[in-house]
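Contents: one structure, followed by commentary.
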Protein chains: 2
Amino acid sequence: MKKFKIVIVDDHLLFSNSLKKLIESFGDYEISNQLVNGRQFVDYIQSSNEAPDLVLLDVQMPVMDGIETMAWLSDNRPDQKVLILSMTDDETTIIQLLKLGAKGYILKDIDPSKFKLAIEKVIHSGFYHSELISSIMLDEMNRNHEKVNPLNEKEIEFLTKICSDKTYKEIAGEMYLSPKTIDGYRANLFKKLNVKSRVGLAMYAIKSGLFKI
Amino acid sequence: MKKFKIVIVDDHLLFSNSLKKLIESFGDYEISNQLVNGRQFVDYIQSSNEAPDLVLLDVQMPVMDGIETMAWLSDNRPDQKVLILSMTDDETTIIQLLKLGAKGYILKDIDPSKFKLAIEKVIHSGFYHSELISSIMLDEMNRNHEKVNPLNEKEIEFLTKICSDKTYKEIAGEMYLSPKTIDGYRANLFKKLNVKSRVGLAMYAIKSGLFKI
DNA sequence: ATTTGATACAGGAAAAACCCCTTTTGAGTC
DNA sequence: GACTCAAAAGGGGTTTTTCCTGTATCAAAT
C-alpha cells in the first residue's frame with residue numbers, strides 16, 4: 001500500500017527531524033519534505049506537482065509564521081489538510097487558525113499515541129478535535145454575537161514593536177504616526193485583547209507568535 | 001557493545017518521544033527514561049541505582065525548570081553529564097547553566113548531525129562547545145571583572161510577578177513590602193539585566209523561563 | 001568599636017503610560 | 001454635494017513608572 005505523504009514545517013530542525021523518525025515508526029506515513037519556515041514551504045508547494053496528504057505546521061517561526069502560512073494556504077490551496085503543532089493554547093490564535101481552515105490543532109505536549117490518532121483523523125476524517133479545541137470552539141460559538149477582534153495591519157505592526165524598551169513616542173516615530181494615534185491603537189488593543197497594561201500586550205504578542213523571543 | 005544510557009527531561013511529550021526515535025536511530029544509545037519535569041527527574045535519579053551516561057535537559061518546563069534541576073544536580077550529582085536543550089540563546093541563562101556544571105548547551109534548531117556530534121562529544125570528551133557557547137563564554141571572560149549578576153530570592157519572586165497587568169503597588173502588597181522597596185528591586189534589575197523598562201523585565205522573565213507563558 | 005555592605009524604605013520630581021472625550025481627514029455611499 | 005464610517009490626531013487629566021538621592025537597620029568583616 002502506498003504511504004501517505006506528510007510535510008513538516010518547523011524551524012526547530014532537531015524537533016522536525018525527530019518527529020520524522022516518530023512518524024516513520026508509525027508505518028503508514030512518509031515525510032516527503034521538511035521546511036523551516038512558511039516561505040520555504042510556499043516555495044516548495046508551488047514548485048511541487050503533488051500535494052502532500054498532510055501538512056504539520058508549527059505556529060512560531062521566525063520568517064513566515066503559521067498564521068501567515070495558513071492565510072496563504074487558505075487563498076491558494078484551500079483544500080490542503082493541515083494539522084497545527086503549537087506550544088501555546090492562546091485562544092485567539094487557535095480560533096484564527098481554525099477560521100483559516102486548519103483541520104486540527106495540537107499542543108507539543110501531546111503524547112505520541114494521541115498524536116498518531118490526530119494524524120489519522122485528519123487524513124481520514126478530515127479533522128481532529130481534541131477536548132481543548134472543542135471547548136474553545138464552543139466558547140467561541142457561545143459568545144458569537146460579541147463582535148470578535150480581527151486585528152488590523154497597523155495594530156499588528158504596533159504589537160510587533162511593543163516587546164521592547166521603546167516608549168510609545170519612539171514607536172510612533174518609527175511608524176511615522178502621531179503619539180496620539182498610537183495611544184488610540186493601544187486603547188483599542190486593550191479592549192480587543194482584554195488586557196490592562198503594556199505588559200499584557202507584550203504577553204499577547206509573544207503568545208500569538210507575533211513577537212519571536 | 002553495551003549502549004550508552006540517555007535520559008530525556010522535557011515537558012513536550014511529542015518532542016521527547018520523537019527525539020527518542022532520532023537518538024535510537026543513531027545506534028549507540030538507548031533512552032533509559034523520559035521525564036516531563038525536573039521534579040520527576042529528581043525522583044527518578046534518587047530511586048535509580050545507575051546513573052545515566054547523559055541527561056538531555058530542557059530549560060523551559062512548568063514545574064521544576066532546567067535551572068532549578070541543574071542546581072539540584074550540582075549539589076547532589078555534580079559529575080552527572082548534562083546537555084542542555086533550549087530554545088533561547090539568552091546569555092544570562094546560558095552562563096548560569098554552564099556555571100552550574102552543564103557540559104553543553106544547544107538550541108533546538110540544531111541539525112541532527114550536529115546534535116549527534118554534541119552527544120558524542122559530551123559523553124566521550126566531557127563537553128560540547130558550539131560556536132555560540134564559545135563566543136558567549138569568551139564575552140563572559142572578557143568582562144570578567146565587572147561583577148556578574150546573581151539575582152536574589154526576592155528579585156526572582158518579583159520577576160515572576162512582573163508579567164501581569166498588576167501595578168508595582170499591587171505587587172508590593174502581594175509580597176508584603178513597601179512600594180519603595182519594590183522600586184529598589186526594579187532599579188537593581190534594570191541595571192543587572194541591562195533593560196530600561198518593565199517590558200524589558202517581562203521579556204527577561206520569559207526568556208529565562210522564570211515566567212511560563 | 002568602627003567600617004562596610006546589603007536590604008528595606010522615603011521624598012520628590014519628571015517622564016511615560018493610561019483614560020476619556022472631541023475634532024479632523026479621507027474614502028466610499030447614497 | 002451630503003452622509004457615514006473608520007482611521008488619525010489632539011486636548012487635557014490621572015495614575016504609574018522611572019529616576020535620583022538619602023536614611024535606618026542589621027550583620028559580617030576588620
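Below, all heavy atoms of this structure are taken into account, side chains as well, without hydrogens, waters or symmetry copies. Here is how names work: the chains are called A, B, and so on, in the same order as the sequence lines, proteins then strands, and each is numbered from 1.
Under the ring pair (Phe, Tyr, Trp, His ring centres under 6.0 Å) criterion, A:His129 pairs with A:Phe127, not counting sequence neighbours. Qualifying side-chain contact (heavy atoms from CB on, under 4.5 Å) partners for A:Ile31, counting only residues two or more places apart in sequence or in other chains: A:Ile6, A:Ile8, A:Lys20, A:Ile23, A:Glu24, A:Gln34. With sequence neighbours excluded, no residue forms a ring pair (Phe, Tyr, Trp, His ring centres under 6.0 Å) with A:Tyr44. Every ring pair (Phe, Tyr, Trp, His ring centres under 6.0 Å) that A:Phe15 has, sequence neighbours left out, goes to B:Phe15.
Considering only side-chain N and O atoms, B:Thr181 lies under 4.0 angstrom from the phosphate OP1 or OP2 of C:dC9.
Rounded to whole angstrom, the span from the CG atom of B:Asn152 across to the P atom of C:dA8 amounts to 8 Å. Atom pair B:Leu189:CG and D:dT18:P shows a separation of 12 Å (rounding to whole Å applied). In this structure, CE of B:Met175 is placed 12 Å from C1' of C:dA8, rounded to the nearest angstrom. Between the CG atom of B:Leu193 and the C1' atom of D:dT18 there is a distance of 16 Å, rounded to whole Å. Look at CD on A:Glu153: it is 17 Å from C1' on D:dA8, rounded to the nearest Å. In this structure, A:Ile182 atom CD1 and D:dA9 atom C1' are separated by 11 Å, rounded to whole Å. In this structure, B:Ile171 places its CD1 atom 12 Å from P of D:dT16, rounding to the nearest Å.
For residues 68-87 of chain B, the set of pairs meeting the side-chain hydrogen bond (donor to acceptor under 3.5 Å, both in side chains) definition, not counting sequence neighbours, comprises B:Ser86-B:Tyr105.
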Fill in the blank from the handout: Nucleotide by nucleotide, nucleotides 14-28 of chain C touches protein heavy atoms under 4.0 Å in the pattern (B base, S sugar-phosphate only, - none) --SSBB---------
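Residue B:Tyr185 is in sugar-phosphate contact alone, with no base atom involved, counting any heavy-atom pair closer than 4.0 Å across all strands shown.
Counted by atom type alone, A:Asp90 and A:Ser208 present zero donor-acceptor pairs between their side chains at under 3.5 Å.
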